[in-house]
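All chains are named by letter (A, B, ...) in the order of the sequence lines, taking the proteins before the strands, and each is independently numbered beginning at 1. Remember, it's a predicted structure, so these values are computed and weren't measured experimentally.
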There are 2 protein chains.
Amino acid sequence: MDLHNQGRQKFIEFPFVSAPHRDLMVNLLSTVEDRLGSHLLPCTLPLDVQHCQNESGSAQASLHIRSGLQSSQVDFILGSWLHCKLPTGGALNITSLSAYLNPSTDAPNFMIELIQSSPTSLVFILDLPPRKDPVLSPDYLQTFYENTQLDTHRQMLAKLPEVQPYVSSSLYLRSVLSPTVVMIQIGAQAGGPERMEEIVKNHIDPTAQEVLGIWLDHCARGERLVGEEEKAYMMKRDELIKKKTIEIDLGTNFPRLFGPEVTDRVLGAIQKVYNI
Amino acid sequence: MDLHNQGRQKFIEFPFVSAPHRDLMVNLLSTVEDRLGSHLLPCTLPLDVQHCQNESGSAQASLHIRSGLQSSQVDFILGSWLHCKLPTGGALNITSLSAYLNPSTDAPNFMIELIQSSPTSLVFILDLPPRKDPVLSPDYLQTFYENTQLDTHRQMLAKLPEVQPYVSSSLYLRSVLSPTVVMIQIGAQAGGPERMEEIVKNHIDPTAQEVLGIWLDHCARGERLVGEEEKAYMMKRDELIKKKTIEIDLGTNFPRLFGPEVTDRVLGAIQKVYNI
């Protein structure tokens, strides 16, 4: 089996999360691959980057990245999961899927992240992060966020009694996200793990599918090309976001969990794909 | 009495809000005038713009604007209150104070707004809105938002049991605000109007004073000058924000409450000060 299929197989196992959580992630990846597949190269990350674990096996991570073809407007798609045992006896599980467009278009990117710190506690982030300053571009807000009624999804989830807003400790991440970002903390202590699975299946999953659908229909179709001058701006902004996102995602937890050698290997591989 | 003093007198009456709410607004204005007074021109708005009301007297508004001297970095400060009787028998009271810097510096602006729709229900917005895209300027976030520990104020208020996050219906306004914005809804139905006054006095007031202090110490001192190229960018962004803010603030309620003639008069006067 080749690098791509071997790594993908391992990635889509999502071995440590509940069935509805796994179904959500696998379905999102399949939808993206079905719609964008012809624009994507296979994953060529070394196997020891596609999957890694620490010596004791208490921490594991899987990474799946597919770059876009030169001719496409997709920069790359990136899926990941991270599992680590917590000193308290539980485990932390983070799963994510992002899709980045390249500087030939200014259409928003796509991102979803689920951070599960116990079977009854989940942070959920879902967004189409804007690729230019919305303050300077009210028409951009209108096109991608108002006309698509993205905010209704945020509003619907906010009505669930288990939902509280979540505020990231990173001011940079808060700045990168759109004004319609879904950024919530779900506490299902009262209803137990079954209620959490129900929320993921009946609320998180359909919302994620719909927002991905909006992204595929309105952003990823490559209908919005930018001129040369703006392209330089897009390159600068995209690059900075990618740099800062690695810092935030890998900077704190990864070295602590996997040690410097694995961290350097993974970081190097990502930087190569990110072209930075 | 001259235009400035006559209008100011009327403005600082804040005749329809509770004593702690009035004290808060008057103290903030005094602090700004004490610290920036030598940089500010008197208010020269016509009296029928500084104060206006509709025919039945069910709606009143007061506006106090002082432009900065040519030599200063203050563009203008703007205070306002709006009162209108609601069909339900209650009243809506909105009070605000903003301070805008001019394009010679890129330091953040200051804004506070209290929207009181009943004696036990208050929306509170407090921020130093950034003047450049924070995504492209991580050092800007560091300087004005991280180093000043602005987020601690948001965190403190969020701990009060009466506090819920507030989300503006305007995506543009959400985009203009900083990642440390205080944007909350306070519901004191259980404790009654006395509890609301207590919250304003003991929590809202000191927070507002502290954040204003940070702005005066770190932003309004004019230590951060920008070059010519960046100045053009600042002008463009500042102007767009001012235009959109008028649209949001005056566009919906003002014509309905005061009719087209008063609206045009007030709008014209503001546009003159805004230089747009």
Taking ring-ring contact (aromatic ring centres under 6.0 Å, His included) as the definition, give me every residue that meets it alongside Phe258(B), ordered by chain and number, with sequence neighbours left out.
Phe254(B)
If the contact rule is any heavy atom under 4.5 Å from chain A, which residues of residues 164-175 of chain B qualify, in numerical order?
Pro165(B), Val167(B), Leu171(B), Tyr172(B), Arg174(B), Ser175(B)
Check whether any side-chain heavy atom of Leu136(B) lies under 4.5 Å from a side-chain heavy atom of Leu240(A), and answer yes or no.
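Sidechains of Leu240(A) and Leu136(B): in contact.
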I'd like to know whether CD of Gln149(B) has more than 12 heavy-atom contacts from other residues, nucleotides or ligands below 6.0 angstrom.
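Atom CD in Gln149(B) is not crowded, with 12 or fewer foreign heavy atoms closer than 6.0 Å.
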Around atom CE of Met183(A), are there more than 12 heavy atoms from other residues, nucleotides or ligands closer than 6.0 Å?
yes
Proximity breakdown for Gln142(B) and chain A, heavy-atom pairs closer than 4.5 Å:
neither
Which residue out of Ala158(B), Pro134(B), Ser178(B), Pro138(B) racks up the most heavy-atom pairs below 4.5 Å with chain A?
Pro138(B)
Find the one option among Arg154(A), Gln155(A), Lys244(A) whose heavy-atom pairs under 4.5 Å with chain B are most numerous.
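Result: the option with the highest number of such pairs is Arg154(A).
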